[in-house]
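Notes for the one structure printed next.
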Amino acid sequence: MTEDLDTGLIRISDDVVATIAGLAALETPGIAGMSGGISEGLAKRLSGKNVQKGVSVEVGQLEAAIDLRIIVHYGIPIQEVCRQLQLNVQESVENMTGLRVVEVNVKVEGVAFKEEENEEVQNARLR
C-alpha cells in the first residue's frame, strides 16, 4: 500500500501484511500451524518468528489478496475452521493496514493429530 499525503508517503510492505495474516491465522481455533508447502517436503508446523511461512500476499495501492497454507487439528470441521480463518485474517489485515482484503484463499495441506502435538510439546520442553 502506498498513500501520498500532504505530509509524505505511507508504504506498507508485503512482509508486514504477511506477518499480520500469519499471526491472525495462528490465533484461529482449529489451526495447528502453517505449512511451508509440499514442495519443501513434509508439511512443517511453524510459529513465532516464522509466521510468514505458509503465507503469500499480493499488495496493491488499496487492496490485498492473501493465500494461506495451513495444517488443521483432526476432528474439527475443516470448512468451519477455514471460514473463521478467512474472517479473522481479513479483519486483522483491514483493521491494521487500512487495505481492503479482496480474497483470502486457504489451502489445507495437513491434519495434526493429538499424539503428534504431545510429542512436539515434550520435545520443545526438553530443548
Side-chain angles (χ1 to χ4, degrees):
M1 173 184 166
T2 304
E3 191 172 330
D4 193 4
L5 303 173
D6 292 336
T7 57
L9 203 60
I10 297 173
R11 292 186 187 157
I12 299 176
S13 131
D14 291 6
D15 289 344
V16 170
V17 175
T19 298
I20 294 167
L23 289 170
L26 291 172
E27 292 173 354
T28 303
I31 302 298
M34 304 303 290
S35 174
I38 299 300
S39 63
E40 293 180 20
L42 295 173
K44 297 177 184 176
R45 272 186 244 170
L46 303 168
S47 62
K49 297 176 185 172
N50 296 317
V51 294
Q52 291 181 11
K53 296 290 183 186
V55 181
S56 300
V57 300
E58 290 183 34
V59 180
Q61 293 288 331
L62 302 172
E63 299 175 333
I66 301 167
D67 296 322
L68 302 170
R69 296 182 314 273
I70 62 165
I71 301 167
V72 298
H73 288 291
Y74 176 78
I76 298 174
I78 293 173
Q79 72 279 8
E80 291 175 20
V81 170
C82 290
R83 183 64 188 134
Q84 188 60 52
L85 171 63
Q86 289 173 316
L87 294 172
N88 289 350
V89 169
Q90 180 180 9
E91 182 180 329
S92 293
V93 171
E94 287 181 349
N95 288 341
M96 293 185 73
T97 65
L99 293 167
R100 186 171 83 81
V101 176
V102 293
E103 61 185 26
V104 178
N105 301 307
V106 179
K107 182 176 182 184
V108 179
E109 291 190 344
V111 177
F113 299 95
K114 293 288 182 195
E115 296 168 3
E116 293 174 0
E117 294 171 23
N118 290 337
E119 287 176 16
E120 287 185 9
V121 168
Q122 289 173 359
N123 288 338
R125 288 182 184 161
L126 295 175
R127 290 182 200 164

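All values reported here derive from a predicted model rather than from experimental measurement. In what follows, residues are counted from 1 in the order of the sequence shown.
The two atoms that bring Val106 and Cys82 nearest to each other are CG1-SG, 3.7 Å, heavy atoms only. Across all non-hydrogen atoms, the minimal contact from Gly22 to Val55 is CA-CG2, 3.9 Å. Residues Pro29 and Val81 approach most closely at O-CG1, 3.9 Å, considering heavy atoms.
Thr28 contributes atom OG1, which lies 10.5 Å from atom CG of Leu23 (distance to the nearest 0.5 angstrom). Rounding to the nearest 0.5 angstrom, the gap separating the CD atom in Glu94 from the CD atom in Glu63 is 10.0 Å. Taking CG of Asn88 as the start and CZ of Arg83 as the end, the distance is 10.5 Å to the nearest 0.5 Å. In this structure, Ile31 CD1 and Ile71 CD1 are separated by 9.5 Å, a value rounded to the nearest 0.5 Å. To the nearest 0.5 angstrom, Asn95 atom CG is 10.0 Å from Gln90 atom CD. Taken to the nearest 0.5 Å, the CD atom of Gln61 stands 9.5 Å off from the CZ atom of Arg11.
Within 6.0 Å of CD on Glu58 lie no more than 12 heavy atoms contributed by other residues, nucleotides or ligands.
Counting heavy atoms from C-beta outward, Ile20 and Thr97 have side chains that approach closer than 4.5 Å. At a threshold of 4.5 Å between non-hydrogen side-chain atoms, the residues Met34 and Ile70 count as touching.
Scanning for side-chain contact (heavy atoms from CB on, under 4.5 Å) contacts around Asn105 gives Asp67, Glu103, with sequence neighbours left out.
Residues Val102 and Leu99 do not share a hydrophobic cluster, defined by chaining ILVMFWY side chains whose heavy atoms lie under 4.5 Å apart. When the side chains of ILVMFWY residues are joined at heavy-atom separations under 4.5 Å, either directly or via intervening members, Ile66 and Leu87 end up in two distinct hydrophobic clusters.
Judged by distance alone, the side chain of Glu109 and the main-chain N or O of Arg69 form no donor-acceptor pair under 3.5 Å.
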